[in-house]
Amino acid sequence: MNNAVFNVIDNTIMKARNNADSCAEDYKNSDGLLVCGKCHTLREIFLSLDKTNVFYERYKNHPVPVPCRCRKEKIDAEKMRLKQSEMEMRINRFRKEGITDKNYLKYTFSQDDNKNPNISKACRKYADNFSEMYNLGKGLVFCGQIGTGKTFYAGCIANELISQARSVLMTNIPRLITQLGNSQEAKNCVLNEISHVSLLVIDDLGVERDTPYSLEKIYEIIDTRYRSGKPLIITTNLKYKDMKTEGNTSYKRIYDRILQMCHPIPVLGESRRSEESQKSTEFMNDFLGLN
Ligand SMILES: [Zn+2]
């Protein structure tokens, strides 16, 4: 056997020995192996080599350092701490980059007033089983009047997935169209994000200006997502029925894609916004003594 090979092995063992932990209470056992004075497990072992192994003769009685139990626990705890801090950094980044409107951050399951218990339950189930939904490429389309809480439900799912360290982009069409209209580089960057995030949420589809240019861009956005095979969540004031029966080709090709990818959830009920504004009016009238 080449001496150079032995040198490499000897050096590696020496380095490991130099880096190994030790404490004053360490002692040798009857085999001459070092034992940790704290946890009383081995800090050294003999290499287990078969007699036919070319290294056997030279290394059969050669102790090599290994981490004792308390050292191993320390290493594992450190690994776990690192993993957690990496995860926290990821979550913070996803929240910062993926939630494009500060208001969306407030939409969490803990803030749900449970006015539509079935929808709340469905959204929770969707978020809890996201891996499956992701694999199926299944999204949702929340349809309903203004102010019924569609954005709230979509936001709950988005925030829940971010806290599970999933990448989410929650945005709206006007913002995406502006981004697509910038340089070619910016456009590529947006399209890349659209196809790579685990969940894409497009809020308020249908309120944008329906010029041929914007319809073309909307199709490009939806089609990019469609081709990625990943889930899409849409909120819209459009009615599911109208999306299904749309006759105009420019709209139809957009809606067809959406209905292929997204399961419809009609969100009915009173407008929460008018209810909130009513409450606010009552509060101010009371406060000012106008009642
Ligand atoms: Zn130990």
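Values in this document were obtained by computation on a predicted structure and should not be read as measured data. Both counts, for ligands and for their atoms, begin at 1 and track the order of listing.
For Y104 and D203, the side-chain atoms include at least one donor-acceptor pair closer than 3.5 Å.
E97 meets the salt bridge (charged side-chain N to carboxylate O under 4.0 Å, His left out) test with R93; sequence neighbours excluded. Every side-chain hydrogen bond (donor to acceptor under 3.5 Å, both in side chains) that N192 has, sequence neighbours left out, goes to H196.
Two rings, from H62 and F55, have their centers 6.0 Å or more apart.
Annotation for Q260: atom CD counts as buried by contact number, over 12 foreign heavy atoms lying within 6.0 Å.
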Which donor-acceptor pairs under 3.5 Å do side chains of residues 129-142 form with protein atoms, sequence neighbours excluded?
residue : atom : partner : partner atom : Å
N129    : ND2  : K125    : O            : 2.8
S131    : OG   : R166    : NH2          : 2.8
N135    : ND2  : S131    : O            : 3.2

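Within the protein, the N, O or S atoms sitting under 2.8 Å from the Zn ion (ligand 1) are C36 SG, C39 SG, C68 SG, C70 SG.
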